[in-house]
Amino acid sequence: MTAIEHGVPLAKLTTIGVGGPARAVARPRSVAELREALGFARDEGLGVLVVGLGSNMLAGDAEVDALVLRLEGELAAVGVVEAGLVAGGGATNAVCLHRARDAGLGGFEFACAIPGTAGGGVVMNAGAYGRDWSDVLLRALVVTAEGEQWVVPDELGLAYRHSAVAPGEVVAGVEYRLDRRPPAEIRATVAELIAQRKATQPTNKRTFGSVFKNPAGDIGAGRMLELCGLKGHRIGGAMISPMHANFIENADGATSADCVALMVEARRRAHEEFGVVLEREVVFAGLPELPVLT
Ligand SMILES: Cc1cc2nc3c(=O)[nH]c(=O)nc-3n(C[C@H](O)[C@H](O)[C@H](O)COP(=O)(O)OP(=O)(O)OC[C@H]3O[C@@H](n4cnc5c(N)ncnc54)[C@H](O)[C@@H]3O)c2cc1C
């Protein structure tokens, strides 16, 4: 049985760097260890929270009452195959992209500025520059305490920053379908996309990526919050990024409560000024849902 740690702060497992201790943490290195950990959670009556790089996650300040799973070892490995890549659910996008580039496999360049894992990419159907996981995913290995199954994108219900992967289901591996492309071209595209990112988003700050999904219509969430005058608005140690208003920065010892308070204020202002109810993109762990706007 994989070791169970207690009291690991979620602040250490998330990119924003806030969050209280996890009730229990396991770091399975194989599907067998993952099945064991999931069985342990089931037997103990504990919920399961998979944390990839925690790059789209906000955890509460109090104890998070769940078994947190971090996929390591085989479950974070990456290999090159005929059709593209095979990767563990815990493999980082950065490593996948490097392996793909070195093998002359293109199509994953869009993920160069998405600091997550293969599993997190599936669950969020992460995307950028007009492409998302549904464009490259061939199939995913989904594991539960009861069993494991390869599933294809149609069965995963991938839509804008959404999938049908349910709590307790773990994406333990993926296969990506990629196309032949010279490494030099891949390198040039990535350099261009990263430069665009650095010019428009706070890539060197502690954030959890987009706070809200873009609403229907012409104005994105960031522009809307900017028009509300919220750039640089601060509550406690959390601040709406002066660079891009759909990001919250951990400016100075932020708590989860500070981040939530900023989200509540941002939604209130967008509702008041644009009549729009912004829907959060960031995943809440151990936090209640945001209040309903009336
Ligand atoms: C600077 C910055 C820029 C970003 N830019 C983008 C962008 O351009 N486009 C975009 O879409 N996102 C972006 N994000 C958000 C984030 O990187 C993506 O959503 C990413 O896919 C999350 O991956 P993760 O592994 O960190 O998932 P986490 O944040 O750890 O988790 C997100 C959700 O996925 C679940 N999960 C994670 N791994 C698994 C697994 N193996 N099995 C089952 N469930 C799992 C978690 O339980 C949680 O519900 C950005 C974030 C940052 C900090």
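Atoms within each ligand, like the ligands themselves, are counted from 1 in listed order. Just so we're clear, the structure is a prediction, and the values are computed from it rather than from any experiment.
The Val171 neighbourhood of ligand 1 comprises atoms 40 (C), 41 (N), 42 (N), 43 (C), with distances under 4.0 Å to a heavy atom of that residue.
Looking at ligand 1, you won't find any N or O of Ile114 less than 3.5 Å from one of its N or O atoms.
Between the side chains of Ser241 and Glu249, at least one donor-acceptor pair of N or O atoms lies under 3.5 Å. For the 3.5 Å distance criterion, the side chains of Arg161 and Ser210 fail to qualify, holding no donor opposite an acceptor.
Heavy-atom distances between Thr203 and ligand 1 stay at or above 4.0 Å for every pair.
Which of Pro115, Gly173, Gly119 comes nearest to atom 50 (C) of ligand 1 through a heavy atom is settled by distance: it is Pro115. In this structure, of Ala285, Ala113, Ser210, Gly127, the residue bringing a heavy atom nearest to atom 7 (C) of ligand 1 is Gly127. In the candidate list Gly90, Ser55, Ala111, Ser55 is nearest to atom 20 (C) of ligand 1, counting heavy atoms.
Contact annotation: for Arg161 versus ligand 1, heavy atoms closer than 4.0 Å belong to the side chain alone. At a 4.0 Å heavy-atom cut-off, ligand 1 touches Val123 through the side chain alone. With a 4.0 Å cut-off on non-hydrogen atoms, Asp132 does not touch ligand 1 at all.
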Practice prompt. For Arg131 and Glu109, run salt bridge (Lys or Arg N to Asp or Glu O under 4.0 Å): C-alpha distance rounded to whole Å, both residues' side-chain angles, the deciding distance at 0.1 Å, then the answer.
Written response: CA-CA 10 Å; Arg131 282 170 74 78; Glu109 295 85 331; over 6 Å; no
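Summarising the local packing, NZ of Lys205 is surrounded by 12 or fewer heavy atoms from other residues, nucleotides or ligands at distances under 6.0 Å.
Phe108 meets the ring-ring contact (aromatic ring centres under 6.0 Å, His included) test with Phe110, Trp133, Tyr176; sequence neighbours excluded.
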